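Have a look at the structure below before the remarks.
Everything quoted here is computed from the prediction, not taken from an experiment. Throughout, a chain's letter reflects where its sequence line sits, starting with A, and its residues are numbered from 1.
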Amino acid sequence: MPDLLIELFSEEIPARMQARAREDLKRLVTDGLVEAGLTYASAGAFSTPRRLALTVEGLTAHSPTTREERKGPRTDAPEKALDGFLRSTGLTRDQLEARDDKKGQVWFATLTKPGRPAAEIVADVLESAIRNFPWPKSMRWGAGSLRWVRPLHSILCILSDEAGAEVVPLTIEGIAAGNTTRGHRFMAPDAFTVTGFDDYAAKLRRARVMLDAEERASEIRSQAENLAFARGWQIVPDDALLSEVAGLVEWPVPLMGVIEDRFLSLPPEVLQTSMKEHQKFFSARNPKTGRIEGFVTVANIETSDDGATILAGNQRVLAARLSDAAFFWDNDLREAKSGMETWAEGLKSVTFQSKLGSQHDRIQRIAALAREIAPLVGADPEQAERAARLAKLDLRSAMVGEFPELQGTMGRYYALEAGESDAVADAARDHYSPLGPSDAVPTAPVSVAVALADKIDALTGFWAIDEKPTGSKDPFALRRAALGVIRLILTNDTQVHLNTLIARAAAGVWFEPSHANQIYFLPEGKSQDAKNWVGVCHIHPDDESVTYNTTLVEFAQALMDARVTDAAQIWFEDMDANPQLGDKRIVEGDARLSLLSFDLLSFLHERLKVYLREQGIRHDIIDAVLAQEGNDDLVRVVARATALNDMLATEDGKNLTQGLKRAGNILAQAEEKDGVEYSFGADAKFAETDEERALFAALDKAEPQIMAAMAAEDYPAAMTAIAALRSPIDAFFEAVQVNTDKQIVRRNRLNLLSRIREAGRQIADFGSIEG
Amino acid sequence: MTSPNRPRSFQEIILRLQTYWADKGCAVLQPYDMEVGAGTFHPATTLRALGSRPWAASYVQPSRRPTDGRYGENPNRLQHYYQYQVIIKPSPPDLQELYLGSLRAIGLDPMVHDVRFVEDDWESPTLGAWGLGWEVWCDGMEVSQFTYFQQVGGHDCRPVSGELTYGLERLAMYVLGVEHVMDMPFNDPDSPIALSYGDVFRQTEREYSRWNFDQADTEMLFQHFKDAEAECARILAAERTDSAGRTIPMAHPAYDQAIKASHIFNLLDARGVISVTERQAYIGRVRALAKGCADLFLTTDAAGAAA
């Protein structure tokens, strides 16, 4: 059982690519070996800035011999047929075997494919892995045509067992595989030979190369912590930086430095960001002062002066960087103190998006929206508007110009400097949140109002100009914004009607502020059933003329409710012919709005489904709830879904669903057959059985309970009330035949079923629940 | 910086680089006699990176970035500065070692300093060029750009050139331990007439900053841009054969006009008269010129084209 060791030695591999690359190498090689018929016990991949390495242990020495049997012509077939068979199998006649088959004697050939030695397979597999390596970006060098992430210098490839190690013969574009490698670029540059993985790792360590990135990272972490501890400081943890730095060194040598006093008044976030972004330093905090007072840089070399020259150089570079930062900070503070008017003015000339205007325009919209949202989240409208107006001004500050990731963070400092309240300043910092799915969600009312306004404006705006996310493309991070809206609403238990907010936001995008109030908004809780617009707009079937028995505004309302674009289209055409009917532009806005808000709300619902699925709520349950009225209130949707989810987990719930579905199916069939809708008039006096009477009684009791509970948004109570119908419904279906010959009884039973259907509809669309 | 062979002046660093790369076999060229934004624009790099003929050159190139002017007051920023440029085609296998040797030559011993190759891919939208490589860090400071050219003027580079660019002022300030560029000794500080960088350039930095930012006649510059663009296009479209029947494509004269257009664009940019949307369009126009020059150059002897 030989072991395989591979090392691909190159010029410096970008740190960010190393982790992926070592996994890719492992996958490509081990998959290739297995595909060629070898097996192995274990494999491990490693990377340093200058090498990718792979060890495969317990590899089989050969691939197995395979046998294949092939059936030829009958023994009495013409000579020609036999010749053809011999040619195709490469055998001679005496190697064939005659066997009895159904139709007589037939020639059989047995083809044996001998196994291949591991070395041969490894050479093929490695060459293909190198030539097809999925680097995010690769290059050519010199006069060659091989591609690698940076010039590839040598290939180490050996198979070793008790008897010793052998180089796998392999040459790619003039690079012949061997059994040598090199150590650290400066501390141990000479070549040395290796005999196997253990020997390789041990010799590399002597040659000042730590092969394992994990080990380098933990070495950096512990040494940095020790250095900090000696001064009574703590390292600010930063895993992303740690893994990057571990990919920049083969032999990590952390060195600690002190930040000069003159820079200590800079905000800690500025120190940390500047040191991290420009120099990849870790920050060290003094717990006594709470300030960042030191740094750790990680050198790649041990020097005769114990890193003194390196540290001095880094310190010098840091001082130059921080002088810049201090200069920005002082200037920015001066501007903040004077009220940030210049910044506000400056944002007029900064484009947010060409069709959505300047950053200034955007701020105007967010401020108006934040004001609307404020009362819904318990914030003072004045404060919310003020916060929204200030929140993005730091985009013009020199500091954010230099470090865009400090947006918001700086905004808070500048707002405080301008004399704003903590609530307003905090909103400047927090209104971008939550960014990631695990990011903290703001809870302070003013912050929530601005954060929601910011995200709803972005979503509505990009929807309005038809820049929605498609597939993997989401250049404006709208999925993230949608999840942000969902988490803000759910975390803070904020009951808002998203349709209303989207309408407000759309008004801001489409209209001058003076026109915005002409848009007619959907009142909360109004039915969205198509019946409503049929009533106000009757299309005559013979000549397709249209009669309106309602006001313009009501009709627009109906269009929105019904979400019927065809009707809107007909009506617009009609309006062109009859301008006296009203201002088409306003209604057009309404129709566009109804489409936009329907589409955007569906998008939010999709994100909500993903979010709730992660919380263990089935998608069909969410669908059943989303089909209900009021689905733009996400708090309500989630409360319903949770209650429904809980109920369906019980035996009663499962059976009830069956009963409701059965009632629905029978009704639907009857309605289809009879061409009428059974919806009214069930009367207990036509009941013929006790089970029917019991169901009437149970419905009489449950209906008001369900209605009251739903009105009070007490969903668990509504579930309890409807669950009480389970046994009467079961008993009813057990004992009663709905479709009897007595028409009056049949009709009465169908109408009774419709009461069951209605009771169910109050709560959810049980029809879409699976199982 | 305790090294005993530490240079004493800005010019000594330049001289040592010249000697070093001359010893390594580069043709030591002189700066190109036109205003350019970086050493890469020198035809010895841009055009010579194209085609199959081997090439090895190094040179100092004065470079102008009008928007970086700070009236000579900023310790690190200048609108006129020097780059040291090395270009070798095909890139030799030991280019990293050669480069490290050049650091030793100017007194930066990699056994005492922390020299690192940190990913930094290079792209020049105006030249339609890109390459992969690193910025080289010395003790946390970027001292050079190291690039393997992959494309120039939209053409694949075959063979690939290795390009090294040293930002001379920054590198020298580090080697010499100077905080403000204007304080850096230009010649030997013990010379009879010792001159600092500021003695040489403080006044010009002030004058050019004012002209770049406030005075340059934008109307005239817009016209110059159009003229350069038109002349470049005309040269590129000219007959390959002259009146005497000689075949002489004029890639270099055309490229001069492309360089000129590029610099004029930089001046207009510094004057703040090019909007964000127009910017891309101007860059595209210069790129089209550079691409045309690259196309033509590839048909010439210097590119190794079969006659």
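- More than 12 heavy atoms of other residues, nucleotides or ligands shown are found within 6.0 angstrom of CZ on R104(B).
- The greatest number of non-hydrogen atom pairs below 4.5 Å with chain A, out of G162(B), C157(B), S161(B), P54(B), is found for C157(B).
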Residue pair F117(B), R50(A): steps toward the side-chain contact (heavy atoms from CB on, under 4.5 Å) verdict: CA-CA 10 Å; F117(B) 293 85; R50(A) 294 210 291 167; over 6 Å; no
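- When each of D156(B), D120(B), N76(B) is checked for heavy-atom pairs under 4.5 Å with chain A, D156(B) comes out on top.
- Across L311(A), I310(A), D324(A), the residue that shares the most heavy-atom pairs under 4.5 angstrom with chain B is I310(A).
- In this structure, the separation between CD on Q150(B) and OG on S138(A) is 8.0 Å, given to the nearest 0.5 Å.
- Only the backbone of H278(A) comes within contact range of chain B, with at least one heavy atom under 4.5 Å from a heavy atom of that chain.
- If you tally non-hydrogen atom pairs under 4.5 Å between each of P49(A), P14(A), A15(A), G142(A) and chain B, the highest count goes to G142(A).
- Taking non-hydrogen atoms and a 4.5 Å limit, the residue list of residues 127-136 of chain B in contact with chain A, ordered by number, reads L132(B), G133(B), W134(B).
- Neither the backbone nor the side chain of E142(B) comes within less than 4.5 Å of any heavy atom in chain A.
- Residue pairs meeting the salt bridge (charged side-chain N to carboxylate O under 4.0 Å, His left out) criterion with at least one partner in residues 165-174 of chain B, sequence neighbours excluded, are absent.
- Closest of all the heavy-atom pairs between Q279(A) and W137(B) is O-CZ3, 3.8 Å.
- For the pairing with D114(B), the side chain to side chain contact (heavy atoms under 4.5 Å, CB included) check across T297(A), V298(A), I301(A), L255(A) returns one residue only, I301(A).
- Proximity to chain B is limited to the side chain of R185(A), based on heavy atoms less than 4.5 angstrom apart.
- Residue-level contacts of residues 77-95 of chain B with chain A, in order of numbering, are P90(B), S91(B), P93(B); threshold 4.5 Å between heavy atoms.
- For the pair D121(B) and R150(A), the salt-bridge criterion is met [side-chain N within less than 4.0 Å of a carboxylate O].
- The minimum heavy-atom distance linking A143(A) with P159(B) is given by the pair CA-CB, 3.7 Å.
- Within the 4.5 Å cutoff, the side chain of F186(A) has no heavy atoms near those of the H113(B) side chain.
- The shortest heavy-atom contact between R316(A) and M173(B) is NH2-O, 3.4 Å.
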In residues 246-254 of chain A, what donor-acceptor pairs under 3.5 Å come from side-chain atoms, sequence neighbours left out?
| from | atom 1 | to | atom 2 | distance (Å) |
| --- | --- | --- | --- | --- |
| E250(A) | OE1 | R51(A) | NH2 | 3.2 |
| E250(A) | OE2 | T48(A) | OG1 | 2.4 |
| E250(A) | OE2 | R51(A) | NE | 3.0 |
| E250(A) | OE2 | R51(A) | NH2 | 3.2 |
| W251(A) | NE1 | E302(A) | OE2 | 2.9 |

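- Between E119(B) and K137(A) there is no salt bridge, since none of the side-chain N atoms of the basic residue sits less than 4.0 Å from a carboxylate O of the acidic one.
- The pair R116(B)-E12(A) does not meet the salt-bridge criterion, since no charged nitrogen lies less than 4.0 angstrom from a carboxylate oxygen.
- Considering only heavy atoms from C-beta on, V317(A) stays 4.5 Å or farther from D139(B) through its side chain.
- Listed here is the closest heavy atom pair of R158(B) and S145(A): NH1-CB, 4.4 Å.
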